[in-house]
**Q** 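Sharing a structure here in structure tokens format.
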Amino acid sequence: MLLITCPETGTDELVPDRRIRSVVNHPTHIALHVACPCGAVHVYRTGRRWEAARRAAATRPAPRLAPA
Ligand SMILES: [Zn+2]
């Protein structure tokens, strides 16, 4: 199970592992593509280096995926 915060509804959602559509391993972090109960697929990034980079770049907006 995975606890996510939906960026669309702002609610915490507990989603099963099978809802994870893909896991992409990056040098600085791991990107999880999760099919949210709201119907959208959200990307969540995990990893200590990602968290550190995000803190260092706190003044910059987080990267967003452009709609297809
Ligand atoms: Zn959602």
Side-chain angles (χ1 to χ4, degrees):
M1 300 292 280
L2 186 70
L3 183 66
I4 63 173
T5 301
C6 176
E8 300 294 331
T9 65
T11 57
D12 290 334
E13 303 280 1
L14 194 59
V15 297
D17 290 352
R18 61 183 166 80
R19 287 271 195 166
I20 299 173
R21 292 295 170 85
S22 63
V23 179
V24 183
N25 203 354
H26 294 280
T28 54
H29 61 279
I30 297 168
L32 293 173
H33 297 241
V34 181
C36 182
C38 81
V41 175
H42 307 309
V43 181
Y44 295 92
R45 294 170 180 86
T46 61
R48 277 189 307 174
R49 283 201 272 175
W50 172 258
E51 298 298 334
R54 209 165 53 157
R55 276 196 297 274
T59 54
R60 276 188 304 176
R64 299 284 303 253
L65 287 182

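Values in this document were obtained by computation on a predicted structure and should not be read as measured data. Remember, it's 1-based here, ligands and their atoms both numbered in the order they're listed. We number each residue from 1, following the sequence as shown.
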**Q** Compare every heavy atom of Cys36 with every heavy atom of Arg19, then report the nearest pair and how far apart it is.
**A** NH1-O, 3.7 Å
**Q** So do Leu32 and Leu2 actually touch side chain to side chain, heavy atoms under 4.5 Å?
**A** yes
**Q** Where do Val43 and Ala31 come nearest, in terms of heavy atoms and distance?
**A** CG1-CB, 4.1 Å
**Q** Considering non-hydrogen atoms only, spot the tightest contact between Pro37 and Val15 and give its length.
**A** CD-CG1, 3.5 Å
**Q** Rounded to the nearest 0.5 Å, how far apart are CE of Met1 and CG of Asp17?
**A** 8.0 Å
**Q** Just by distance, do the side chain of Asn25 and the backbone of Ile30 share a donor-acceptor pair under 3.5 Å?
**A** no
**Q** Leaving waters out, which protein N, O or S atoms fall under 2.8 Å from the Zn ion (ligand 1)?
**A** Cys6 SG, Cys36 SG, Cys38 SG, His42 NE2
